[in-house]
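Right, one structure below, let's go through it.
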Amino acid sequence: MLLGTFLLLLLLPGADPASAHAALRATDPADGSVVPAAPRSVTLTFTESVGLLDDSFRVLDPTGHRVPTGDAEHAGGHADTARIGLPAGLGRGTFTVAWRVVSADSHPVSGAFTFSVGAPSATAAPVPTGPTEDPLTAFLYGTARGAAYLAAALLIGTAVFVAVCRPTRVRPLRGLLRAGGWGLAGATVLLLVLRAPYETGDGPSAALDLDALGRTLTGRPGWALLARLAFLAASALLLTHAARRARPSRTHLSLGAVLAVGLALTWAAAEHASAGIQVPLAMASAVVHLLAMAAWLGGLTALLVLLRRDTPPLATVTRFSHLAMLSVTALAVTGLYQSWRGLGTVSALTDTSYGRLLLAKLAAVTVLLTAADWSRRWVAERARAATPAERKEELRMPQPVGATRTGTPAPDGLTERPPEAGTPRPPEAGTAPTEPSSDGDAHRRALRRSVLVEVLVAAVVLALTTVLTGTLPGRAEAEAQATRQAAALPATSVVMAPFSVAGHRGTVQVTLDPARTGDNAVEAVVYGADGGLAAVPELRIAFTFPAQDIGPLNADLTDRGGYWATNAVNLPLAGTWTMKVTVRVSDVDQVTVQKPVRVAR
């Protein structure tokens, strides 16, 4: 049933092509284009809103020297754009633009492109192709992100286990709560200080820059991390207050649920769910997914800790079995939706890194479910084998608040629960304690091994989940690939046609845009022998296709004050066309030059 639902979701079309991780949609000037005059600015347009950095742009001239620019800004107030001003007198030649921005889902993206002024230069600054981030910073940031997931699972899962499963012995679980709380606090602080160098691609030493930390605190990822610390502090106060009672009150449970949802929202607000299609539904799904994961995996760890010494009450294990079933159901539903949202197509499962990681996670979850099924069968068999007296014991009234198994008050901290179903009653005075049966020990060891396997595989699932949160989703990768393929095609075709007639020498630069079948725009600039602009009384251009005996197709050029242009030349076939450029320099002197032009499909 789940597999069928998964395939159905994959086949459903997306409502919007945009997805997490911004992809570059267009540049102005266009990548690889030749413009007749130096532009006053460079503008990038993305598939989603982006955040700008202090060093979002680096413009290099043909010699590789950096061009002084203004501050990066959003063009026209549109959050999906990035613009940088250029100085006057930029000069001629090929310029390289390297850029780096932060996606709406908090992941940095970068790239580079070139454009030429006047004509491509013989030399140009190399387009950056190396790594765009510091490996050590990326490793530390990824490790802190994984530690945060693990700590959240321990904290939330253990608290849910205590509240829902009501174990009689909670003292061993206080260490898990402390580890989860302090671990999440430490990981969050580390993420906060590493956020700035992670965005800019610098080394960890850049974390010492207080100005950069200040910028982090004013951005959405910084707000999410600060909110996580605030929710964590409130959770610590709540757990401290609840520990003074034998059982948490409804107020404690309600506040705990609110704080757990708040903690989960700090992930949803700064990860893949916060950008792309169906954002409100995606964020709700991410919150449910994380809480279900924490309840299941954190509860497993709590159960394993209790199994180290003796078998927990059957009622406690049964309650956790039901909780685990609800968690698995929630994980399946939300996981299927998130998979469809991140992949988009069935082929993305094998064609993208995101899809292959998702398959690896699915395989690990399958192993996890197999071990969980064995544990569930164990619980069911023990429940069926319980004697009527044991079942009656389940209904026994609890002991007074604050009493331990022996009736004495529990130490400070979480209060021990009264005995529940399946817990041996303490021996009466004057009687010797009975030794646990070897059969019971064997059952406990078997259950402990099964739960241990679940916990170990769960750690692998968490690691894969951490990697997935930093991997470009299949939808975004497909869109970025389409953008790169479109950029690889000749967006423009620039042809230089030298001429010489009646003592006049010069060059006509003809730009055909987009140099594909269908309508094309033609711009022509005439340069004199000295390289400056030259005025001529008439300029004509015609296209022929010798392979099919088509043409001539005349371009109706008009003088637009310094250059000649038209927007209405239709070239119906792909292939090599012959362009005839006729330059008239006087009433009686003119010359025609032929040049091949490649037209793409």
Side-chain angles (χ1 to χ4, degrees), residues 22-104 108-121 123-129 132 196-197 199-202 206 209 211-212 214-216 218-220 483 487 491-492 494 509 511 513 521 523 525 531-533 560-563 565:
L24 183 63
R25 189 189 299 274
T27 65
D28 182 19
D31 185 14
S33 65
V34 179
V35 295
R40 297 308 306 269
S41 64
V42 172
T43 304
L44 279 63
T45 304
F46 297 89
T47 56
E48 66 177 42
S49 60
V50 295
L52 303 179
L53 306 170
D54 287 345
D55 200 26
S56 276
F57 286 92
R58 289 183 296 115
V59 182
L60 306 178
D61 63 18
T63 63
H65 292 89
R66 187 163 182 173
V67 176
T69 60
D71 295 331
E73 61 181 1
H74 293 296
H78 298 291
D80 61 346
T81 64
R83 182 173 62 190
I84 193 77
L86 297 177
L90 198 60
R92 294 167 58 87
T94 301
F95 292 81
T96 302
V97 180
W99 55 269
R100 185 180 182 90
V101 296
V102 181
S103 298
V109 291
S110 58
F113 68 97
T114 63
F115 69 92
S116 301
V117 177
S121 56
T123 61
V127 177
T129 58
T132 57
E199 289 181 348
T200 58
D202 295 326
D209 186 351
D211 291 337
R215 290 190 297 271
T216 297
T218 59
R220 186 171 63 172
T483 302
T492 59
V494 180
Q509 175 185 294
T511 303
D513 185 12
E523 291 184 359
V525 180
L533 294 178
R560 299 188 179 180
Y563 69 100

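Note that this is a predicted model, so its numbers are computed, not measured. FYI, the numbering just counts along the sequence from 1.
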Report the C-alpha separation of Val50 and Val102 in whole Å, then their side-chain angles, then the decisive distance to 0.1 Å, and conclude whether the side-chain contact (heavy atoms from CB on, under 4.5 Å) test is met.
CA-CA 5 Å; Val50 295; Val102 181; over 6 Å; no

Evaluate the side-chain contact (heavy atoms from CB on, under 4.5 Å) criterion for residues Asp71 and Glu73: first the C-alpha distance (whole Å), next the side-chain angles of each, then the deciding distance (0.1 Å), finally the verdict.
CA-CA 6 Å; Asp71 295 331; Glu73 61 181 1; over 6 Å; no

Provide the closest heavy-atom pair for Val525 versus Pro36 in the form atom of the first, atom of the second, distance.
CG2-CB, 4.0 Å

Backbone N/O of Ala521 and side chain of Asp513: donor-acceptor pair under 3.5 Å:
no

Pick from Phe57, Phe46, Phe113: which one makes a ring pair (Phe, Tyr, Trp, His ring centres under 6.0 Å) with Trp99?
Phe46

With rounding to the nearest 0.5 angstrom, report the OG to CZ distance, Ser56 to Arg83.
14.0 Å

Could you verify whether a donor N or O on one side chain and an acceptor N or O on the other, from Asp61 and Thr63, lie under 3.5 Å apart?
yes

Which atom of Ala98 lies closest to which atom of Ala112, heavy atoms considered:
CA-CB, 4.0 Å

Roughly how far, to the nearest 0.5 Å, is CG of Asp80 from OG1 of Thr45?
6.5 Å

Hey, could you give me the OG1/CD1 distance between Thr69 and Ile84, rounded to the nearest 0.5 Å?
4.0 Å

Could you check whether any side-chain heavy atom of Thr114 comes within less than 4.5 Å of a side-chain heavy atom of Phe95, counting everything from C-beta outward?
no

For the atom pair CG (Leu52) and NE2 (His74), what is the distance rounded to the nearest 0.5 Å?
4.0 Å

Measuring from Glu523:CD to Arg560:CZ, what's the distance to the nearest 0.5 Å?
7.5 Å

Taking every heavy atom of Tyr563 against every heavy atom of Ala565, the minimum-distance pair comes out as CE1-CB, 3.7 Å

More than 12 foreign heavy atoms under 6.0 Å from CZ of Arg40: is that the case here?
no

Stepwise side-chain contact (heavy atoms from CB on, under 4.5 Å) test for Thr27 and Val42:
CA-CA 7 Å; Thr27 65; Val42 172; 5.9 Å; no

Dump the intermediate steps for side-chain contact (heavy atoms from CB on, under 4.5 Å) on Phe115 and Val97, then the final yes or no.
CA-CA 8 Å; Phe115 69 92; Val97 180; 3.8 Å; yes

Between OG1 of Thr94 and CG of Leu60, what distance do you get to the nearest 0.5 Å?
12.5 Å

